[in-house]
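Lettering of chains follows the sequences in order, A, B, ..., and the numbering in each one begins at 1. We use all heavy atoms of the structure for the numbers below, so side chains are in, but hydrogens, waters and symmetry mates are not.
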2 protein chains.
Amino acid sequence: MYTETAMLGLDVPLRASERAYRQLRGEILGGLLAPGAALLEVEQAERIGVSRTPLREAVARLITDGLVVGRRGRGFEVTDISVDSISELYELRQALEVQAIRLAATRRDPAPFMKLRDAFVSAPELLEQGDIGVHRYYVLIDELEDAVDVAVENPFLVGALRAVRTHLARIRRLARRNPLRLRAAAAEHLLIIDAIIAGDPSLAAHATHIHLHQSLLSVLAAIEEDSVGSRSTTAAD
Amino acid sequence: MYTETAMLGLDVPLRASERAYRQLRGEILGGLLAPGAALLEVEQAERIGVSRTPLREAVARLITDGLVVGRRGRGFEVTDISVDSISELYELRQALEVQAIRLAATRRDPAPFMKLRDAFVSAPELLEQGDIGVHRYYVLIDELEDAVDVAVENPFLVGALRAVRTHLARIRRLARRNPLRLRAAAAEHLLIIDAIIAGDPSLAAHATHIHLHQSLLSVLAAIEEDSVGSRSTTAAD
DNA sequence: ATTGCGGTTTCTGTATACACAAGAGCGATC
DNA sequence: GATCGCTCTTGTGTATACAGAAACCGCAAT
């Protein structure tokens with residue numbers, strides 16, 4: 001998530017409010033702060049090592065992100081994730097991603113997608129290589145998303161997508177990875193990439209629609225299994 | 001802080017940060033604070049009558065709303081609206097509204113839309129009545145949007161739509177109202193409402209697509225006319 | 001005349017102090 | 001023994017004080 005990019009000389013003293021925001025956000029996304037966990041201003045400010053003013057600013061941002069809700073009376077708490085909310089999030093996600101892919105297929109510079117194509121072609125082999133391969137695969141997905149964002153050239157749309165992806169990160173933590181699903185997802189991604197390269201917006205849009213449909217089914221199945229109690233091995237992408 | 005127990009529970013204990021946020025937001029949306037206008041913390045805090053802390057919170061919210069941007073070095077300024085950004089906003093708007101209408105047509109309780117149908121049927125007469133009628137017409141559109149929001153039953157999607165509508169409010173100010181366009185828009189809305197009542201998601205989606213296409217054309221034409229210098233009389237909806 | 005430098009000023013970022021409201025615990029009373 | 005009420009604690013909302021940084025202005029030097 002947040003790799004300390006020491007290579008970039010941007011280690012300039014970060015504002016306290018920004019530090020607090022990133023730390024809290026990372027902890028929520030990473031599951032360290034579980035849904036329903038209470039956030040008291042004084043307590044958190046002390047823990048992170050900033051005063052209450054910048055911490056309040058950080059919490060305010062988390063609230064607009066939808067990661068935290070103020071609760072009646074005292075304090076705040078980490079938003080929880082219901083099965084319903086996952087389906088709802090996917091309804092928004094579908095609208096945004098289909099539109100984004102459509103625009104990307106229209107406006108794209110083919111070059112970066114050609115490179116991604118090569119990478120996704122060899123994704124199945126990657127997924128043979130255990131955890132490290134799986135991690136590389138997720139990095140690949142991030143690169144695909146970035147390439148789409150660039151091709152879309154629409155700050156409003158990209159901003160909305162980023163907000164959705166924030167919540168997705170938490171959902172992925174709930175759904176364990178399933179090699180079978182991951183391989184199928186890689187094939188779906190390849191189809192999308194090919195459609196973008198071909199400059200075929202409709203094909204790209206429909207492929208995305210299907211991909212997200214399968215992704216949601218997979219996530220819901222994983223949650224279902226988890227709640228039944230057996231160990232789940234399903235993944236979203 | 002005085003607990004003003006007024007008859008309406010609405011204006012009871014309004015936080016200073018909330019007051020500042022609403023006032024600034026209203027002034028930006030109303031055009032009182034023009035794009036590019038500088039916002040200095042101390043100056044604005046004094047003007048509104050709150051201290052800097054709640055004002056900072058308000059400005060932070062405006063920034064996440066996209067109405068204000070922090071500028072390098074000193075202060076903040078009101079975001080400006082470019083023609084490009086309007087088209088971009090409409091790309092996002094289309095994705096969201098089409099999805100929302102689709103879901104509304106699937107899940108709707110027909111009753112509120114029947115009532116709206118009646119109102120929109122008599123919209124042309126309403127639009128004969130000058131400014132007051134036009135204002136009533138806009139109220140009608142608000143009610144339609146609210147009914148859709150309720151029918152959609154998806155906080156994520158509705159939240160994203162609200163963000164878009166914030167920006168739309170500013171754009172509508174640029175495009176003066178044009179009776180012809182308003183009448184055509186009313187007919188388009190009627191078609192959408194009928195499709196929702198009929199429970200026909202595809203029809204509703206396509207009608208929305210067309211409506212937004214026409215709306216964007218109208219807005220862009222109005223901007224074009226304005227920049228040429230002649231007085232524009234075009235409206236968005 | 002233009003450009004570079006330094007002092008001054010103003011503004012932001014942060015910490016902290018204070019006021020008010022909401023709960024929790026404890027005691028008194030029925 | 002239970003319930004009501006009071007107080008005491010705790011936590012948020014707001015104001016303000018202080019420090020550091022960036023822009024502006026003027027002056028001087030080329």
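- For B/F76, taking side-chain heavy atoms from C-beta onward, the closest of the listed nucleotides C/dG13, C/dC11, D/dG13 is C/dG13.
- Side-chain atoms of B/Q99 and B/R102 include no donor-acceptor pair closer than 3.5 Å.
- Comparing atom distances between the B/S51 side chain and each of C/dA15, D/dT16, C/dT12 picks out D/dT16 as nearest.
- Between the CD atom of B/E57 and the C1' atom of D/dA15 there is a distance of 14 Å, rounded to whole Å.
- The distance between atom CD1 of B/I48 and atom P of D/dT14, rounded to the nearest whole Å, is 13 Å.
- Mapping B/V50 and A/L39 onto DNA chain D by nearest heavy atom places A/L39 at the nucleotide closer to the 5' end.
- Side-chain to base pairing of A/R52 with D/dG11: no donor and acceptor N or O lie closer than 3.5 Å to each other.
- At C/dG13, none of the side-chain N or O atoms of A/S17 fall inside 4.0 Å of OP1 or OP2 (strictly under the cut-off).
- Taking side-chain N and O atoms only, B/T53 has no distance below 4.0 Å to OP1 or OP2 of D/dT14.
- Taking a cutoff of 4.0 Å between a charged side-chain nitrogen and a carboxylate oxygen, B/R165 and B/E97 do not qualify as a salt bridge.
- B/L62 places a side-chain heavy atom less than 4.5 Å from the side chain of B/R25.
- The separation between B/R56 atom CZ and D/dA15 atom C1' is 14 Å, rounded to whole Å.
- Between A/H189 and A/Y137, the ring-plane angle classifies as tilted under the 30° and 60° cut-offs.
- We find that CD1 of A/I63 is positioned 9 Å from P of D/dG13, with the value rounded to whole Å.
- Distance from the side chain of A/L40 is smallest for D/dG11 among the nucleotides C/dT14, D/dT14, D/dG11.
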